[in-house]
Structures are given as C-alpha cells and as structure tokens.
Amino acid sequence: MNKKCVVSLCIALWCVTITIGPVFGSEEECDFPAIFNFGDSNSDTGGLASAFPAFLNPPYGDTFFGEPSGRFSDGRLIIDFIAESFQLPYLSAYLDSIGTSYIHGANFATSASTIRLPNRIIPGGGFSPFFLDIQYTQLVRLKSKSSSTTTRKTGKSEKRLRLTPKEEDFKKALYTFDIGQNDLGQGFFGNMSIQEVNATAPDIVNTFSNNFKNIYNISGGKSFWIHNTGPIGCLPYILENFQSAERDEVGCAKPFNEVAQYFNHVLKQAVAQLRNDFPSASITYVDVYSAKYSLFTHPEKYGFEQPLVACCGYGGKYNYSVGCGGTTTTVNGTQITVGSCRRPFVKVNWDGIHYTEAANKHVFDKISTGAFSHPPRPLKRACYNSY
Ligand SMILES: *[C@@H]1O[C@H](CO)[C@@H](O)[C@H](O)[C@H]1NC(C)=O
Ligand SMILES: *[C@@H]1O[C@H](CO)[C@@H](O)[C@H](O)[C@H]1NC(C)=O
Ligand SMILES: *[C@@H]1O[C@H](CO)[C@@H](O)[C@H](O)[C@H]1NC(C)=O
Ligand SMILES: *[C@@H]1O[C@H](CO)[C@@H](O)[C@H](O)[C@H]1NC(C)=O
Ligand SMILES: *[C@@H]1O[C@H](CO)[C@@H](O)[C@H](O)[C@H]1NC(C)=O
C-alpha cells in the first residue's frame, strides 16, 4: 500500500513535469493561474478514491496513468485535457491528503456526487456524501487558507512551501462545473417514474444556481465554464437495467435522454439568468450533451466502434452484466476478473457508466473550440466577457 502511494506520487509529479511546458503568451488567450472544479465522476481526479480508498482496481487507469489514478476511466478525463490546454498540472483532489499541492487549484468533484442532498450515501447507498453544497464549503475552507505554507525538512535544511493558491488567484481562476447526472440517476434507480424524475429538474437546477451564487460571491471569480449533462440514456448502466425503455434511432434509451435534455434546457435558462445577475462575469454554458451524442450518431466518422458496449465489462448486449474489475464464473466454470477490451482507443464507453480516454479527448476537442458554447466562446477565451 505504502509503496503504491509512493509510486503514484512519483507518477503525479512526473505528469506535472511534462505538462508544465513554457507558457506561450498570447494577448488573445486567457492566462488562468488555477482551476477549481465542482462535479461528479465525469471530472473526479481522485476525490472519491481518497475518501474511500478501496474504490478502484486495475484496469482503471491502464491507458494513461498505468495504474488506477482515482479516475473512473482508462485514462484522462475532460478536466485533465482542460488543465493541459492551459499548461497547468492535473487538478489535485481536495480530499487527497497525501503530499498534495493546491497552488494551481483544486478539484472538489467526487464520483457519485449530486447537486441536491442525496437520499442514501456511501457506504449505505450509492451516492457520495460530498454533494455540491459540501463542495462549496470545501472551497470556502480552502480560500480561508490561501497562501498558507508548510515547513518541510530535508536533511538539515528547512524549506517553507506554499501549498494553497494565493488570495488573488481565486479571482483570476477558471471555475468549471460538471454535475447533475447523478441527481437524475438517483430518480431513475429510485422508485420514480420518468415523468417524476423529469419534474425534479427545476429544483435540481435551482439548487445549482444557489450554489453558483455562493461560489461566485466567496471566490470573487470572474470566469465560469458550465457543462450540461450528457446523454445518460446512451450508457450501458441505463440500457442494461431498463431493457424495455423505448430506443431511439441509434439505440439509446429515449425517455432517459429526454429527461437529460429537459434538465439541460432548464440549466441553460438558469445560466442565462446568472449572466444577467452578474454582468461583469464571464459565464459559459457548454453543450456537452451534443458533443457526446455525436459519438453515438457517427461513431465510425470519429474512429469509434460499438459505442453502446462497455469496453471493460462482461456479458449481455452491452457488456455490462458484470462490471469492470468484478469477478464472474464463465459457462465453462472458469473464474475470471473482468478486464479491459483489447482496443480501448476505439471504444466510447469504458465501464458501463463512464467514457474512455479516447472519447473524453474527442469531447474536449469539440467543446474547446466554442462550437458547443453559449455564448459561442472557446475555452481559451473563457475569461472574456465579450466574444
Ligand atoms: C419510494 O419507496 C420508499 C420505500 O421503499 C418510500 O419511502 C418512498 O416514499 C418512495 N418514494 C416515492 C417517490 O414514491
Ligand atoms: C419534462 O417536462 C417538460 C416541462 O413540463 C415537458 O415539456 C417534457 O415533455 C417532459 N419530458 C418528459 C420526458 O417527461
Ligand atoms: C458573500 O460573502 C461574504 C463573505 O465574503 C459574506 O459575508 C456575505 O454574506 C456573502 N453574501 C451573500 C449574498 O451570500
Ligand atoms: C473458458 O472460457 C474462457 C473465456 O470464456 C476461456 O478464456 C478459457 O480458455 C476457457 N477454458 C477452457 C478450459 O475451455
Ligand atoms: C467486453 O468486455 C470484455 C472484458 O470482460 C472484453 O474482452 C470484450 O472485448 C468486451 N466486448 C466489447 C464488444 O467491447
């Protein structure tokens, strides 16, 4: 265990070394000293795995990190590509207590996080205790410790190291959000009808807006980048568990995607309202739904195959009867551990719920251009109020 931690720390430092290249200054492009992210497993870089250490086993992380990195994927997430694009190190999970630096921001996202207080939390149920209200209070605490230092002794010498962002960096930072999918999932897997879950969207979004206002107020931040929720009805965990739900022309579960679209419609209006409320801020709504959905409508065009089938999973139409990393007994009686498919780089879905690194990169490439933003603002210009 200790050895593993040392190894993962080294790998983390190595990543920092290779990703902080020279900063290419362009007057056009924003220069964010830090990123603060709020969300769920779509952007969790190790939060849940820090809080509940037994969570992830190989082959998670196989493609990029070479071992489980706390990310629910074979490699990098959209938030990692966002950090790379600003020559910033990958975001440290706020909950990671092992040798972590927050100089360039922090990631408050944990897998299974919701916007609203969840019904049942891990280990007594499926959701993270770190829902959005808590993620906000973590930001408040981190900000109260801005510019704080720690003393590190190496041999005879003592060094003072700063581990948290400077006060002014909270103002200059990029704030990113990717949360909401689990609020819908909780409804779908509870005893609610599609219509009942659909009807919860305004309250979920209202809770999001309240948190946004608090985050805006406490941080002094000016740049906000808000992802909408993806096509949940295209994920094996929905497709396998709701076999009789109507399918659309590409095989996704139609009513589930309709709820996601309605949630996004309400969110888009709420973000427009926030833009009115805070005219000096730059608040971008990003249609991740459409960028992700293109992987299901035109998989071959982008070099993917079988987008509805999990790469790491076992059995059934969607390779999701048994989950990634689980064990099962095959028809011939052999005990197997469920591992990765041979070519994760041509697969969209990694483990039945989450996307592969290849799919995440595709989505990042699409959304960073601004083609999926409202207003139509590229990621590199996320600090600008005009566009
Ligand atoms: C769902 O079922 C639980 C009991 O299993 C019950 O307490 C709850 O009120 C139900 N919720 C709805 C929305 O029907
Ligand atoms: C969700 O609610 C909205 C507003 O009432 C409605 O227009 C839409 O058809 C509903 N969608 C589903 C799937 O129930
Ligand atoms: C904004 O934050 C300050 C602390 O920085 C707090 O005193 C104030 O109540 C907050 N205002 C609102 C509207 O939440
Ligand atoms: C049993 O099946 C697994 C995969 O289903 C296969 O890898 C293995 O070779 C089989 N073993 C025997 C003895 O047939
Ligand atoms: C399903 O998962 C298994 C690993 O359990 C993998 O070998 C196989 O290639 C996957 N199938 C598809 C179609 O990706």
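For ligands, and for the atoms within them, numbers begin at 1 and follow the listed sequence.
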Inventory of protein N or O atoms under 3.5 Å from ligand 5 N or O:
unit_1, atom_1, unit_2, atom_2, d
ligand 5, 2 (O), C311, O, 3.3
ligand 5, 2 (O), G313, O, 2.7
ligand 5, 2 (O), N319, ND2, 2.3
ligand 5, 5 (O), G313, O, 2.4
ligand 5, 11 (N), N319, ND2, 2.8
ligand 5, 14 (O), K347, NZ, 2.2

### Message
Just checking R162: does its CZ atom have more than 12 heavy atoms from other residues, nucleotides or ligands closer to it than 6.0 angstrom?
### Response
yes
### Message
For residues 334-360, which residue pairs pass the salt bridge (Lys or Arg N to Asp or Glu O under 4.0 Å) check, not counting sequence neighbours?
### Response
R76-E357, E305-R343
## Note on the structure
Contacts satisfying ring pair (Phe, Tyr, Trp, His ring centres under 6.0 Å) that involve residues 189-215 (not counting sequence neighbours) are F177-F208, F177-F212, F189-Y237, F189-F242, F212-F224
### Query
If you count the atoms of ligand 2 from 1 in the order shown, which ones are under 4.0 Å from a heavy atom of N198?
1 (C), 2 (O), 3 (C), 8 (C), 10 (C), 11 (N), 12 (C), 14 (O)
### Distance filter under 4.0 Å to E258 heavy atoms, resulting ligand 2 atoms
13 (C)
### Message
Side chains of S92 and D96, heavy atoms from C-beta outward: is any pair under 4.5 Å?
### Response
no
### Message
Is the shortest side-chain heavy-atom distance between E84 and Y90 below 4.5 Å?
### Response
yes
### Summary
Residue set satisfying salt bridge (charged side-chain N to carboxylate O under 4.0 Å, His left out) with E249, at least two apart, ordered chain then number -> none
### Residue that, paired with H227, satisfies side-chain hydrogen bond (donor to acceptor under 3.5 Å, both in side chains) out of D287, D178, N42
D178
### Message
Evaluate Y262 for polar contact with ligand 2, using N/O atom pairs at a separation under 3.5 Å.
### Response
no
### Query
Under 2.5 Å between the SG atoms of C312 and C324: is that the case?
yes
### Message
Taking 4.0 angstrom as the limit and counting only heavy atoms of N217, give me the atoms of ligand 3 inside it, by number and element.
### Response
1 (C), 2 (O), 3 (C), 8 (C), 10 (C), 11 (N), 12 (C), 14 (O)
